[in-house]
Amino acid sequence: QVRLVESGGGSVQAGGSLRLACATSGFTHKSSSRMAWFRQGPGKEREGVAGYYTYIDVPYYADSVKGRFTVSQDKATDTLYLQMNNLRPEDTAMYYCAAGYWDAGNWYLQNLYQYWGQGTQVAVSS
């Protein structure tokens, strides 16, 4: 059984930083395995923030977070991280960790992911 548990959310002022963590269990990392962070802000649709091809350690980012966010994985603890720097009020959202298996597709497409966490809330004040 695959389980994803997010943590690390909170409230910060604009310009601040947070590091989100996604503790993973039961998810087998192989050539087709993918993970990602998505977010859903107030009154907005859920969107992709950063993707990660776990087998080859390749990250992908949405244009809105490039240069500010970094996705990484600790393989020893099977934890996916999202380091968020220079946070802006528009980054306020519930952040979700997702995992799935596929060979071709765009990382930001939600329907490619079979497993989702419950989310962790991030609030950025101006």
Side-chain angles (χ1 to χ4, degrees):
Q1 181 180 357
V2 176
R3 189 163 181 244
L4 308 175
V5 180
E6 303 96 333
S7 62
S11 298
V12 296
Q13 290 189 327
S17 298
L18 284 173
R19 188 175 79 155
L20 305 183
C22 174
T24 306
S25 60
F27 183 66
T28 301
H29 296 287
K30 49 188 179 181
S31 61
S32 59
S33 58
R34 313 280 188 265
M35 296 189 72
W37 287 97
F38 286 81
R39 69 184 180 187
Q40 187 168 17
K44 299 180 181 179
E45 294 188 354
R46 191 159 57 183
E47 63 177 358
V49 176
Y52 198 78
Y53 287 14
T54 64
Y55 199 68
I56 55 175
D57 296 321
V58 174
Y60 296 86
Y61 299 98
D63 287 343
S64 59
V65 306
K66 279 181 182 177
R68 300 188 299 123
F69 291 12
T70 303
V71 60
S72 63
Q73 184 191 34
D74 184 336
K75 294 187 185 301
T77 62
D78 207 358
T79 302
L80 188 74
Y81 292 101
L82 184 68
Q83 177 67 44
M84 306 187 295
N85 298 328
N86 192 19
L87 282 160
R88 304 167 180 169
E90 54 265 37
D91 295 319
T92 295
M94 182 71 80
Y95 283 72
Y96 299 91
C97 177
Y101 301 105
W102 74 87
D103 293 311
N106 294 313
W107 67 268
Y108 50 83
L109 296 177
Q110 301 178 47
N111 60 349
L112 294 178
Y113 297 88
Q114 295 91 11
Y115 310 103
W116 292 81
Q118 293 300 306
T120 185
Q121 181 69 45
V122 171
V124 185
S125 59
S126 57

Novice: Hey, what's the ring geometry for Phe38 with Trp107, parallel, tilted or perpendicular (30° and 60° as the breaks)?
Specialist: tilted
Novice: Please determine which of Asn85, Asn86, Asp91 meets the side chain to side chain donor-acceptor pair (under 3.5 Å) test together with Arg68.
Specialist: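 Looking at Asn85, Asn86, Asp91, the match for Arg68 under the side chain to side chain donor-acceptor pair (under 3.5 Å) is Asp91.
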Novice: Measure across Tyr55 and His29 and return the closest heavy-atom pair with its distance rounded to 0.1 Å.
Specialist: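 Heavy-atom minimum between the residues: CD1-O, 4.3 Å.
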Novice: If we only count heavy atoms from C-beta on, is the Thr120 to Tyr96 side-chain gap below 4.5 Å?
Specialist: no
Novice: Return the CD to CZ distance between Gln114 and Arg34, rounded to the nearest 0.5 Å.
Specialist: 11.0 Å
Novice: To the nearest 0.5 Å, what is the distance between OG on Ser126 and CZ on Arg88?
Specialist: 14.0 Å
Novice: Measure the spacing between CD of Gln118 and OG of Ser7 and express it to the nearest 0.5 Å.
Specialist: 13.5 Å
Novice: Taking NZ, NE, NH1 and NH2 as the nitrogens, is one of them in Lys66 or Asp63 under 4.0 Å from a carboxylate oxygen of the other?
Specialist: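 Result for this pair is yes, salt bridge flagged.
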Novice: For Thr79 versus Ala21, what's the shortest heavy-atom pair and its separation?
Specialist: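 Answer, listing the atom of Thr79 first, then Ala21: CG2-CB, 4.0 Å.
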Novice: Could you state whether Met84 and Trp37 fall into the same hydrophobic cluster, counting links through intermediate Ile, Leu, Val, Met, Phe, Trp or Tyr residues with side-chain heavy atoms under 4.5 angstrom apart?
Specialist: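 Yes; Trp37 is reachable from Met84 via cluster members.
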Novice: Trp102 and Leu109: same hydrophobic cluster, using ILVMFWY side-chain contacts below 4.5 Å?
Specialist: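 Linked, Trp102 and Leu109 end up in one cluster.
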Novice: Checking side chain to side chain contact (heavy atoms under 4.5 Å, CB included) against Leu80, which of Leu4, Asp74, Val71 comes through?
Specialist: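 So, applying the side chain to side chain contact (heavy atoms under 4.5 Å, CB included) to Leu80 and each of Leu4, Asp74, Val71, only Val71 qualifies.
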Novice: Which heavy atom of Tyr113 sits nearest a heavy atom of Ala36, and at what distance?
Specialist: OH-CB, 3.2 Å
Novice: Looking at Leu82 and Ala50, what are the two nearest heavy atoms and their distance?
Specialist: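 Residues Leu82 and Ala50, closest heavy atoms: CD1-CB, 4.1 Å.
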Novice: For the residue pair Tyr53 and Tyr60, categorise the inter-ring angle as parallel (less than 30°), tilted (30 to 60°) or perpendicular (more than 60°).
Specialist: tilted
Novice: Checking salt bridge (charged side-chain N to carboxylate O under 4.0 Å, His left out) between Arg39 and each of Glu6, Glu45, Glu47, which is the one that passes?
Specialist: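 The salt bridge (charged side-chain N to carboxylate O under 4.0 Å, His left out) with Arg39 is passed solely by Glu47 among Glu6, Glu45, Glu47.
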Novice: According to a 4.5 Å side-chain heavy-atom criterion applied to Ile, Leu, Val, Met, Phe, Trp and Tyr, with indirect links allowed, do Met35 and Phe69 form part of one hydrophobic cluster?
Specialist: yes
Novice: Aromatic contact between Tyr101 and Phe27, with the criterion being ring centroids under 6.0 Å apart: yes or no?
Specialist: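 Centroid separation for Tyr101 and Phe27: below 6.0 Å.
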Novice: Please name the pair of heavy atoms, one in Gly119 and one in Met94, separated by the smallest distance, quoted to 0.1 Å.
Specialist: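 Heavy-atom minimum between the residues: C-SD, 3.7 Å.
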Novice: Do Tyr95 side-chain atoms and Gly8 backbone N/O form a donor-acceptor pair below 3.5 Å?
Specialist: no
Novice: Which atom pair, heavy atoms only, marks the closest approach of Gly48 to Ala62?
Specialist: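 Taking Gly48 first and Ala62 second, the nearest heavy atoms are O-CB, 3.4 Å.
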Novice: Side-chain heavy atoms nearer than 4.5 Å, only ILVMFWY residues, links allowed to pass through others: does that put Ile56 and Tyr61 together?
Specialist: no
Novice: Membership question, hydrophobic clusters at under 4.5 Å side-chain separation (ILVMFWY): are Leu20 and Val124 in the same one?
Specialist: yes
Novice: Say whether, by atom type as modelled, one donor and one acceptor occur between the side chain of Gln73 and the main chain of Tyr81 under 3.5 angstrom.
Specialist: no
Novice: What's the verdict on side chain to side chain contact (heavy atoms under 4.5 Å, CB included) for Trp116 and Val2, showing C-alpha distance, side-chain angles and the deciding distance?
Specialist: CA-CA 9 Å; Trp116 292 81; Val2 176; over 6 Å; no
